[in-house]
Amino acid sequence: MDGKSTDRREKQDLRRLGLQVLLAVSVWTLLLVGLLAWTLDNVNEEMMELARLEAVANFNKDQAFRAWATGHGGVYVPETPRTPASPYLSHIPERDLVTPSGRKLTLMNPAYMVRQLMEDYDELYGVKGRITSLKPLNPNNRPDAWETAALKAFEKGTKEVFEITEIEGRPFLRLIRPMVTTEGCLKCHSHQGYEVGDIRGGVGVSVPLDKYLSVASERKRNLWIILLVVWIVGLGFIWLGASRSRQRLLERIDYEAHIWNQANFDALTGLANRTLFMDRLDRALTYAKRDEHLLALLYIDLDRFKDVNDTRGHARGDELLQQVAQRLQQCVRDMDTVSRLGGDEFTVILPVIREKSSAAMVARNILEELSRPFQLGGRENYLTASIGITVYPDDGADSGELLRKADTAMYQAKAGGRNSFRYFSVEMTQQAELRVRLESELRQALEREEFELHYQPVHRLSDSQLVGAEALIRWHAPERGLVPPDEFIPLAEESGLILPIGKWVIRQAFADMARLDKIGTRLSELAVNISTTQFREKTFAAQLIEFLGKHPHMKQRLCIEITERVFMDEHSEPVLQLEMLHQEGVRISIDDFGTGYSALGYLKRFPVDNIKIDRSFVSDVNKDGEDASLCEAIISIAHHLGMKVVAEGIEEREQWDFLRQKGCDFAQGYYMGKPMPVNVFIDYMKSHKVA
Ligand code: C2E
Ligand code: CA
Ligand code: CA
């Protein structure tokens, strides 16, 4: 998995949420549209039913009236233009009567009366009525097509027919029910062959719909408004739910990205971590194999980074790593991957290179970039790195092999003087193996008592007297013979073996001094080399002081030689330890002076007794004017600060003379004597004037 596929999943999740919201909105809208349609239909039906009931009520009233009139065989009314003698009733003998007072009355048959009533009703209330029959007496009562169909249906048993129609451009509900022949009907209709119970016609009522429609449309409008509001509220809820889900989804995506970053990136520098690095390397190798191109891997280790951590603190160390990460990234292309494997180890994958030497260009670029000073807490820090390079396919075909070999090459670069890069080679592997063997042999050297101390005399320049000696370790390795300290001390420092070895040196030196004392060849001062690594042990000074307490013969006679590296940080413990030791009468010598750090301020602030001018300045003191001035300057500064100066590596008479002339205090070198085993040194002491 990588960043892109999580990206894709995020987009999918968001799209799915979008679809869900769309679905919810659609369902909600459909539901409300359905509900609206149903309720509107209901309103219509309800209005129709009410209109029908009104029509039925009218019909009933007509019926009651007609029944009453029929029951009484009609009604006599004065003969007026509106109520003339009916020509259809001329067959009835009593159609016209004259009242005793001479008023003429004529018989109104129920159908006529009802029709007139209907006309009045129409005029007053807009409700129209009509009596019709398939065999009407009055041609006005002849049915229209709809009525004819209804009347025919009545004969088959239908009890009611109604429809919505338009009359004179206005909407009406028209209802028609059958008219059943009763006893009273026969008075007028018996000549037509009617019998009681016959269905001989129908009574129609037309109710105007305007008022119903206007009520319905008002109710519909209200319904529209209510449902619209409900719809909007629903949409609001959907929106709320959706935005919450979206929020949760985004939080989850955020969280997943965070987890992904934690799993794949280095928290301190933001670079790819080991997991992502291996993943990328595997992938790059797959492409390199498929497309048959070269790939390079750079393994970068900062030189002496531990010193920065130890002297400036871990926070500054972290800051430095961050700055290094930034610079590394500036040195590579976008397609290259810079990773931090842990500690001060970095890698760069160059997934595609044109030729093997391209990797060297990048490596050189990185070394150059790192050589610019780093700003740490207002101070400048200098840093170098060692780089090992492997190339696919020359050095291997799988990521593990390329990484292992790049690591070996890096070690080789370190061993070759640091601040450099190396390509992997076969000899390199052999050398790496040699190193591993040497280390394991070194581990056994102490038990097997393969170490020995040699002593190199130190003389006073003013009177040539022997004033002391420096103890120098020798290793007689069984198969290798004599291994020089320059070859095994750095290895012992890296592996931590220097701690037990350093203790052995002090114990042995104290024992040898006791032996010298015993045979009457007393030496006033003995110098012992102490590695910076030994100072990192917080209890170093306390242990040495305790040891001195048990060996009173060494009181005021021990001098420790340390390098300037110990002074890199004024707040660090080594300095406190130096103060403790100095108070106990242990003298402090700065070894290899002039080769380490340029700052001299520490000389003033710390308990330093001697300065040892490095052999490299002394050897050319008579040939090189600069070296001569340097030696003079060192002597002058040291004396100003109340320190003594020891010149190392004096091999010739001229060097001795020059330094003596310049006021240097002591001298050490092959010219007087090489480092020698204690027995030889005893003889040496006997043949020289001892101060
Ligand atoms: P160093 O402390 O600077 O010791 C002086 C080195 O210069 C010694 O090398 C010595 O043999 C050599 N030397 C002295 N005079 C002359 C001269 O006139 N010409 C030449 N060419 N060389 C001269 P050595 O004994 O091989 O030691 C090398 C380094 O190993 C020492 O340098 C010191 O840093 C380290 N070392 C030696 N013994 C010990 C030890 O017991 N403990 C620790 N921590 N380091 C040690
Ligand atoms: Ca030394
Ligand atoms: Ca030295």
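In listed order, ligands and their atoms are each counted from 1. The structure displayed is predicted, hence computed values, not measured ones.
- Ion pairing between a basic and an acidic side chain is recognised when a charged N comes within 4.0 Å of a carboxylate O; Glu345 and Arg340 show no such pairing.
- Distances shorter than 4.0 angstrom occur between a heavy atom of Glu648 and an atom of ligand 1.
- Of the listed options Trp504, Phe488, Tyr670, Tyr670 places a heavy atom closest to atom 16 (C) of ligand 1.
- Considering only non-hydrogen atoms, atom 20 (C) of ligand 1 lies nearest to Glu651 out of Glu561, Gln508, Glu651, Lys674.
- The aromatic rings of Tyr684 and Phe681 lie parallel to each other, with less than 30° between the two planes, well short of the 60° mark.
- The proximity of Val505 to ligand 1, defined as any non-hydrogen pair under 4.0 Å, is limited to the side chain.
- Residue Ser589 does not count as close to the Ca ion (ligand 2), with no N, O or S atom under 3.0 Å.
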Could you list the donor-acceptor pairs under 3.5 angstrom formed between side-chain atoms of residues 356-368 and any protein atom two or more places apart in sequence or on another chain?
| unit_1 | atom_1 | unit_2 | atom_2 | d |
| --- | --- | --- | --- | --- |
| Lys356 | NZ | Asp394 | OD2 | 3.3 |
| Ser358 | OG | Glu355 | N | 3.4 |
| Ser358 | OG | Glu355 | O | 2.9 |

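- Ring pair His454/His476 is tilted by interplanar angle, where 30° to 60° counts as tilted.
- In this structure, the side chain of Thr390 engages the main chain of Leu402 through a donor-acceptor pair within 3.5 Å.
- Residue Glu648: no N/O/S atom is found under 3.0 Å from the Ca ion (ligand 2).
- Contacts with ligand 1 closer than 4.0 Å are made by no heavy atom of Asp614, backbone or side chain.
- Numbered from 1 in the order shown, with element, the atoms of ligand 1 that lie under 4.0 Å from a heavy atom of Gly669 read 15 (N), 18 (O).
- Residue-level check: among N/O/S atoms of Asp591, OD2 sits closest to the Ca ion (ligand 2).
- At least one heavy atom of Arg474 sits closer than 4.0 Å to an atom of ligand 1.
- Note on Lys644 versus Asp609: no salt bridge recorded, every NZ/NE/NH1/NH2 to OD/OE distance being 4.0 Å or above.
- Using a 4.0 Å cut-off to heavy atoms of Gln456, the atoms of ligand 1 that qualify are 14 (C), 15 (N).
- With a 4.0 Å cut-off on non-hydrogen atoms, Asp592 touches ligand 1 through its side chain and not its backbone.
- With hydrogens and angles disregarded, a donor-acceptor distance shorter than 3.5 Å links the side chain of Arg327 to the backbone of Glu369.
- Centred on the Ca ion (ligand 2), the angle running from Glu561 (OE1) to Asn529 (OD1) is recorded as 90°, rounding to 10°.
- The option with the heavy atom closest to atom 11 (O) of ligand 1, from among Ser589, Ser531, Gly673, Pro675, is Pro675.
- Ligand 1 has an N or O atom lying under 3.5 Å from an N or O atom of Ile473, backbone or side chain.
- A cation-pi geometry, defined here as NZ or CZ lying under 6.0 Å from the six-membered ring centre and within 45° of its normal, does not hold between Arg372 and Tyr382.
- Residue Tyr671 has no N or O atom closer than 3.5 Å to an N or O atom of ligand 1.
- Remark: Lys550 fails to qualify as a cation-pi partner of Phe547 under the 6.0 Å distance and 45° angle criteria applied to the six-membered ring.
- Taking the six-membered ring where the residue is Trp, Trp475 and Phe451 present tilted rings, their angle falling between 30° and 60°.
- In this structure, Pro484 does not count as a contact residue of ligand 1, since none of its heavy atoms falls inside 4.0 Å of the ligand.
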side-chain hydrogen bond (donor to acceptor under 3.5 Å, both in side chains) between Glu493 and Ser531, intermediate numbers included: CA-CA 8 Å; Glu493 285 177 343; Ser531 145; 2.9 Å; yes
Sequence neighbours excluded and cut-off under 3.5 Å, please list the side-chain donor-acceptor pairs for residues 631-643, or say none.
| unit_1 | atom_1 | unit_2 | atom_2 | d |
| --- | --- | --- | --- | --- |
| His639 | NE2 | Asp665 | OD2 | 2.8 |
| His640 | ND1 | Ser636 | O | 3.4 |

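- Because the distance cut-off is set at 3.0 Å, Glu470 qualifies as a neighbour of the Ca ion (ligand 2) through one of its N, O or S atoms.
- The Asp486 neighbourhood of ligand 1 comprises atoms 28 (C), 29 (C), 30 (O), with distances under 4.0 Å to a heavy atom of that residue.
- Of the N or O atoms in Gln668, none lie within a sub-3.5 Å distance of an N or O in ligand 1.
- Nearest to atom 6 (C) of ligand 1 by heavy atom, out of Met672, Arg615, Glu470, Gln534, is Arg615.
- With a 6.0 Å radius and a threshold of 12 heavy atoms from other residues, nucleotides or ligands, Arg274 has its CZ atom at or below the threshold.
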